[in-house]
Each structure stands twice: as C-alpha cells, then as structure tokens.
Asks: 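Below are the structure tokens for one structure; questions will follow.
Keep in mind that the numbers below use all heavy atoms, side chains included, and drop hydrogens, waters and symmetry copies. None of the values given here were measured: they were computed from a predicted structure. Letters A, B, ... are given to chains in the order of the sequence lines, protein chains preceding strands, and every chain is numbered from 1.
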Amino acid sequence: GESVGLHLPTLSVQEGDNSIINCAYSNSASDYFIWYKQESGKGPQFIIDIRSNMDKRQGQRVTVLLNKTVKHLSLQIAATQPGDSAVYFCAERFIYNQGGKLIFGQGTELSVKP
Amino acid sequence: DTGVSQDPRHKITKRGQNVTFRCDPISEHNRLYWYRQTLGQGPEFLTYFQNEAQLEKSRLLSDRFSAERPKGSFSTLEIQRTEQGDSAMYLCASSLAWAGQGGDGEQFFGPGTRLTVL
C-alpha cells in the first residue's frame with residue numbers, strides 16, 4: 001500500500017505486505033531527516049534517519065528514500081506486522097544549526113490487518 | 001529505566017488554574033526540548049535548553065508559559081492561567097549535543113503529559 005502522508009493520513013495494509021509512507025518536507029535547506037513511530041499514549045520513537053547527502057538508507061525491515069529535487073521523503077516497511085500499527089511522522093532539521101529543533105509533518109496512521 | 005521520564009502522565013485542570021510539568025532527561029544528555037502535540041498533528045517545538053541555558057523559544061510559547069532547567073538536569077514547564085486551547089500532549093525530549101560544531105544527536109522522547117483544560 002502507498003499513501004501521501006500529508007494528504008491521506010490513513011493507510012491500511014494486510015499483514016505481510018510492504019508499506020510505503022510518503023512525506024513532503026518544507027525546507028529545502030534542511031539537511032537531516034528522521035522518521036518516527038508513535039503508538040497510542042506514547043512519545044515518538046526513532047525509526048531511521050538520513051542525511052541530505054544520501055538518497056537511500058536501510059535499516060531492519062525499513063528503508064528511507066530521499067528525493068531532494070522534489071523535497072520528498074518516503075518510508076518503506078517490508079513484511080508489515082501488526083506491531084507496526086502506529087502513526088508515523090517525518091521530521092526535518094538542520095544538523096549543524098545552533099539548536100536541533102525538529103519540524104514534524106502531519107503524520108500517517110498505519111493500520112495492519114491480520 | 002534510563003529513558004526520558006515525564007510527570008504527571010495526565011493532568012486535568014480547570015480554566016484559569018496554573019499547572020506545572022516535570023521532565024527528567026537521559027542523565028548524560030545536555031539538551032532538553034519541549035514540544036506540544038495536539039490530536040492528529042505532529043509535535044510542535046516550544047523551547048529547548050542546553051545545560052541550564054534556555055537558547056530558543058517558539059512564538060507558540062506565550063507569556064503564560066515558562067520553562068526552567070535550573071541545574072541542567074530536570075526541567076519544568078509551567079502554564080499559568082490555563083485556557084482550553086492549552087489542552088494537548090506536552091512532550092519532552094533530550095539529546096547529546098557534541099561540542100565545537102553545534103551538532104545534535106538523536107532526540108529521545110518521553111511518554112508525554114496529557115493536559116486537559118475544562
């Protein structure tokens with residue numbers, strides 16, 4: 001399944017399928033991007049990050065793709081599991097600025113059907 | 001548990017009352033951030049500290065809000081004369097900034113304090 005994170009906030013996928021969550025970031029000068037997972041009643045949890053000098057980074061079952069030309073970020077989750085059900089946020093910041101404040105996107109709710 | 005902790009987890013108050021929240025960061029982290037999150041939205045930056053110095057405040061942080069980190073460890077966020085629009089989840093995060101370059105490491109978030117103003 002695929003979604004445009006800021007425009008279609010809910011994504012429903014079947015267990016075992018791959019999920020793709022998209023995000024359009026706002027500042028072309030941002031040089032560091034992070035995906036967070038937030039479960040109900042909890043704070044955001046770091047999933048994976050990528051610097052602006054990269055276009056792809058892989059983690060365990062997750063891959064982040066960065067397209068700076070169109071200011072687009074995506075999170076791919078392989079073999080989605082029920083435990084992946086949560087809201088996913090992309091965030092951007094300047095890695096070497098005076099402070100590291102994060103600017104978050106709206107988020108996409110991922111629902112995994114067993 | 002060596003993660004970021006916040007207290008209380010939930011607070012219900014009446015409009016006009018003052019409330020104070022506490023955040024205990026990861027012990028070796030020198031930066032501490034406060035964010036506010038409303039339902040269905042991503043967290044919004046409020047303010048941050050490096051050690052005990054408050055280095056940046058968002059325009060979202062009205063005069064009714066004040067944050068402190070007196071000894072460079074835990075932090076408090078106080079809201080005076082609460083309004084219904086203050087109802088939100090208040091999140092704290094901490095990170096370790098490396099010296100000399102202004103860089104910042106990964107931010108670890110606490111579970112948040114959910115404020116409801118009646």
Side-chain angles (χ1 to χ4, degrees), chain A residues 3 5-11 21-27 30-53 57 59 64 73 75 86-111, chain B residues 1 3-6 9-10 21 23-26 29-51 53-61 89-114:
Chain A
S3 85
L6 295 179
H7 305 291
L8 201 67
T10 303
L11 173 64
I21 300 172
N22 295 299
C23 176
Y25 63 91
S26 59
N27 193 335
S30 294
D31 49 17
Y32 182 54
F33 305 90
I34 313 104
W35 280 100
Y36 283 91
K37 172 186 180 183
Q38 188 173 26
E39 296 173 291
S40 180
K42 297 183 179 180
Q45 177 186 5
F46 173 93
I47 302 173
I48 191 169
D49 59 0
I50 187 168
R51 297 193 182 193
S52 59
N53 60 355
R57 190 166 188 218
V64 56
L73 196 65
L75 176 70
V87 178
Y88 289 81
F89 293 98
C90 67
E92 59 185 293
R93 71 170 171 86
F94 299 106
I95 196 169
Y96 285 118
N97 73 349
Q98 292 299 312
K101 69 181 180 185
L102 296 169
I103 301 168
F104 284 83
Q106 181 184 13
T108 297
E109 182 173 10
L110 176 64
S111 175
Chain B
D1 186 349
V4 178
S5 62
Q6 293 186 245
R9 294 293 308 277
H10 303 274
F21 311 140
C23 171
D24 286 272
I26 294 171
H29 284 183
N30 53 4
R31 284 193 177 169
L32 186 149
Y33 296 81
W34 285 99
Y35 293 85
R36 181 173 70 187
Q37 185 177 26
T38 53
L39 197 62
Q41 302 297 315
E44 296 173 293
F45 170 79
L46 293 178
T47 188
Y48 93 97
F49 294 82
Q50 177 146 334
N51 301 312
Q54 188 173 17
L55 296 186
E56 186 175 352
K57 293 193 289 186
S58 163
R59 285 172 291 180
L60 293 175
L61 212 65
M89 175 79 85
Y90 289 84
L91 292 162
C92 175
S94 71
S95 68
L96 182 63
W98 51 88
Q101 297 177 356
D104 197 7
E106 177 187 337
Q107 290 184 29
F108 293 83
F109 282 83
T113 294
R114 180 166 294 285

Asks: Between B/R9 and chain A, with a heavy-atom cut-off of 4.5 Å, which part of the residue counts as in contact: side chain, backbone, both or neither?
Replies: side chain
Asks: Output, in order, the C-alpha distance, side-chain angles, deciding distance and verdict of side-chain contact (heavy atoms from CB on, under 4.5 Å) for A/F89 and A/L102.
Replies: CA-CA 11 Å; A/F89 293 98; A/L102 296 169; over 6 Å; no
Asks: B/Y35 versus chain A, heavy atoms under 4.5 Å apart: side chain, backbone, both or neither?
Replies: side chain
Asks: Provide the closest heavy-atom pair for A/G100 versus A/R93 in the form atom of the first, atom of the second, distance.
Replies: O-CD, 3.0 Å
Asks: Restricting to non-hydrogen atoms, name the atom on B/P25 and the atom on B/S94 that form the minimum distance, rounded to 0.1 Å.
Replies: CB-CB, 3.4 Å
Asks: To check you understand the geometry: which heavy-atom pair defines the closest contact between B/L32 and B/C23, and what is its length?
Replies: CD1-SG, 4.0 Å
Asks: Could you please spell out the steps behind the side-chain contact (heavy atoms from CB on, under 4.5 Å) verdict for B/Y48 and B/L55?
Replies: CA-CA 6 Å; B/Y48 93 97; B/L55 296 186; 3.5 Å; yes
Asks: Quick one: which of B/E44, B/E106, B/Q41 has the most heavy-atom pairs under 4.5 Å with chain A, could you say?
Replies: B/E106
Asks: If you count heavy-atom pairs under 4.5 Å with chain A, which of B/Q37, B/Q6, B/M89 comes out on top?
Replies: B/Q37
Asks: So B/F108 and B/H29, would you call those rings parallel, tilted or perpendicular, with 30° and 60° as cut-offs?
Replies: tilted
Asks: For B/F49, check ring-ring contact (aromatic ring centres under 6.0 Å, His included) against everything at least two apart and list the hits.
Replies: none
Asks: How would you list, in number order, the residues of residues 35-44 of chain A that have a heavy atom less than 4.5 Å from chain B?
Replies: A/Y36, A/Q38, A/G41, A/K42, A/G43, A/P44
Asks: Of all heavy-atom pairs between A/C90 and A/L73, which one has the smallest distance, and what is that distance?
Replies: CB-CD2, 3.8 Å
